[in-house]
Amino acid sequence: MPSRRYMHPKFAVVGHPNKGKSSIVSTLAFDDAVQISDTPGSTTKKQSFPLTVDGKILYELFDTPGFQRARRVLAWLEKHDVPADKKHEVVQAFINEHKEDERFQDEIELLEPIMAGAGIIYVVDGSKPYGEEYEAEMEILRWTGQPSMALINLIGDTNYVEEWKRALGHYFKMVRVFNPMEADFIQHLNLLESMAQLNEEWIVPVKASIILFKQYHEQMFEQSASSITQLVHHSLSHIEQLSLTHEDATAEEREEIQEKYQMQLRTYELESQKKIEKIWNHDHLQKVQESLLFEGMDLFSKESASIFGLTRKELLITGATGGAVTGAGIDLLFGGSTLLLGSAIGALVGGSGVFFGFNELSDIKVLGQNLGKKYLEIGPMKNLNFPYILLNRALYHASEVASRSHALRSVAKFEMGKSFTERWMDESTRKSLEKFHSKFRSGDEVKEEERKEYESLILTALKNIID
Ligand SMILES: Nc1nc2c(ncn2[C@@H]2O[C@H](COP(=O)(O)OP(=O)(O)O)[C@@H](O)[C@H]2O)c(=O)[nH]1
Ligand SMILES: [Mg+2]
């Protein structure tokens, strides 16, 4: 005999068409594969979306079609007047008798998981006025006898939440406002707590699920930080080589290796973004676009540098205190005029804005034996600003992905208010980072504990940005 203790909680998300049922399922199941549509009635079959952690189902949600003929269904139920303890049998009788009836397919689809034991989550749109037409739906749900709660979603800007609360209070012992597009992780957990209260038997498993889900969430942060660390390390230490046809490199060959080098770093960035989108279960959207952000804002563009790079002043302070600004470093920073050092530095530091010359990423060297084959080599990265641009872009991307609702279907657009770097990077963080950046740039081996240390800096940054 199967033990009831191992049955995970199930919830059927039901309501009128186009009230955000699928959006709520998407958010609660942490799944962006749920079909969401502007067209009412586009969901015709119930669909199950389990939230799984390490192969264990924490809970399962059913997305369902909206009510279509609630009044008729209710009229049928009411013809069979029975005491309250028998009402759910009448609902089952309705399902059995109308299995082949085209007209009631939507109602049957949505009632089936409830009759099979799922708790009810009834969804309404609090931006539309309450109306009596919802009463038949709520009455039918009451007939099932299953534990239930109502969620008020605000799709539009108008607000009828108070009147909805009064009406829903007659039918549901628990009524909550929940916006699937904007809910953060805490609101998500709070809702789970409420869902647990629906059924005494669910309190223990749902509470256990919440703990597991929190751990899972923390792991997603850690994995993201690890991916960003790997990205920065690989990009800064990358070396590109090109065999030469002659003794010396032609201008084209120099151009070619520079181009290959940049392409490789762009690839590293894109791969890391995809990995992070996968970590946060947002990989579905990748079918629509390459990556969630930065469409058209190249890693090596002036625009990207001015948004994500350090200012000259920050660069000089960071570089100098990190001991990394040697003659060569300064050359790479300022386009090859070490002579600027001295009196001109004051003027530079005084200036605002970001300095960036992307012709100056790293040296291009001709290597090889005297008479044998020669090759061109570029890398590791020498430019002092590049690590910050790369890192800030990665953190921006990860923070957007980590806080993105799984109910959003629109293509993400790059959008940023005030300076992004200021939100998380103060001088002391910058100095800590610089220590690692110069190590990564050196191409020397990076020890496990150093990588961990950098990872924890990134983890803290990511959380600070999201809060
Ligand atoms: N702005 C906004 N739009 C929402 C919200 N919830 C749902 N929508 C939109 O409303 C439409 C219907 O949502 P959907 O979840 O498919 O509703 P369903 O028919 O009840 O499953 C979709 O275009 C959603 O993007 C919300 O909280 N805010
Ligand atoms: Mg739907």
Side-chain angles (χ1 to χ4, degrees), residues 10-51 60-70 105-114 118-131 133-134 136-138 140-141 148-161 164-165 168 172 175-188 190-191 194 281-282 284-285 287-289 292 400 403-413 415:
K10 296 174 186 179
F11 303 92
V13 179
V14 299
H16 224 62
N18 239 17
K19 300 301 176 194
K21 299 181 296 296
S22 301
S23 302
I24 284 172
V25 169
S26 206
T27 299
L28 295 183
F30 235 69
D31 190 336
D32 68 351
V34 181
Q35 195 200 345
I36 289 173
S37 164
D38 278 337
T39 322
S42 54
T43 309
T44 55
K45 292 266 174 263
K46 62 177 173 294
Q47 234 187 313
S48 145
F49 293 93
L51 179 72
E60 184 176 0
L61 292 151
F62 289 94
D63 192 19
T64 66
F67 282 100
Q68 296 292 349
R69 293 187 166 81
Q105 283 316 298
D106 287 350
E107 272 76 10
I108 289 175
E109 282 290 320
L110 79 89
L111 288 170
E112 265 172 355
I114 298 172
I120 298 166
I121 298 181
Y122 183 66
V123 178
V124 303
D125 176 4
S127 67
K128 300 262 169 60
Y130 173 73
E133 65 268 31
Y134 298 97
E137 298 175 2
M138 298 190 285
I140 293 168
L141 295 174
S148 61
M149 73 186 291
L151 290 185
I152 306 175
N153 178 20
L154 277 168
I155 294 183
D157 295 330
T158 41
N159 188 320
Y160 296 94
V161 169
W164 270 108
K165 276 187 177 166
L168 292 166
F172 303 93
V175 179
R176 299 275 184 276
V177 177
F178 185 78
N179 186 319
M181 303 293 180
E182 285 158 20
D184 61 18
F185 189 62
I186 302 291
Q187 286 166 321
H188 186 160
N190 286 343
L191 181 58
S194 306
N281 274 343
H282 278 298
H284 192 70
L285 256 189
K287 288 171 194 134
V288 191
Q289 58 178 158
L292 278 177
E400 288 290 303
S403 53
R404 180 182 166 88
S405 161
H406 290 81
L408 287 171
R409 290 294 173 275
S410 58
V411 166
K413 286 230 173 59
E415 230 177 298

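Counting starts at 1 for both ligands and their atoms, following the listed order. All heavy atoms count here, side chains included; hydrogens, waters and symmetry mates do not.
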Visitor: Got V123 and K19 here, is their nearest side-chain heavy-atom distance under 4.5 Å?
Guide: yes
Visitor: For the side chain of S26 and the backbone of D31, is there at least one donor-acceptor N/O pair under 3.5 Å apart?
Guide: yes
Visitor: With a heavy-atom distance limit of 4.0 Å, tell me whether L154 approaches ligand 1 through its side chain, its backbone, both, or neither.
Guide: backbone
Visitor: Does the side chain of I121 come within less than 4.5 Å of V14's, by heavy atoms?
Guide: no
Visitor: Is the shortest heavy-atom distance from the side chain of F178 to the side chain of L28 under 4.5 Å?
Guide: yes
Visitor: Any non-hydrogen side-chain atom of F62 less than 4.5 Å from a side-chain atom of F49?
Guide: no
Visitor: Please report whether ligand 1 has a polar contact with G20, defined as an N or O pair separated by less than 3.5 Å (distance criterion only).
Guide: yes
Visitor: Using a 4.0 Å heavy-atom threshold (strictly under), name the region of N179 that reaches ligand 1: side chain, backbone, both or neither.
Guide: side chain
Visitor: Going from CD on E182 to CG on L408, what distance comes out if it is rounded to the nearest 0.5 angstrom?
Guide: 9.0 Å
Visitor: Is ligand 1 under 4.0 Å from a heavy atom in the side chain of N153, in the backbone, in both, or in neither?
Guide: side chain
Visitor: Short N/O distance, under 3.5 Å, between D63 and ligand 1?
Guide: no
Visitor: I need the contact type for S37 against ligand 1. Using non-hydrogen atoms and a strict under-4.0 Å cut-off, is it side chain, backbone, both or neither?
Guide: backbone
Visitor: Considering only heavy atoms, which of V123, D38, I155, L408 lies nearest to atom 23 (O) of ligand 1?
Guide: D38
Visitor: For ligand 1, is there an atom lying under 4.0 Å from some heavy atom of P180?
Guide: yes
Visitor: Do the charged groups of E112 and K46 touch, with an N to O distance under 4.0 Å?
Guide: yes
Visitor: Do any N/O/S atoms of S22 come under 2.8 Å of the Mg ion (ligand 2)?
Guide: yes
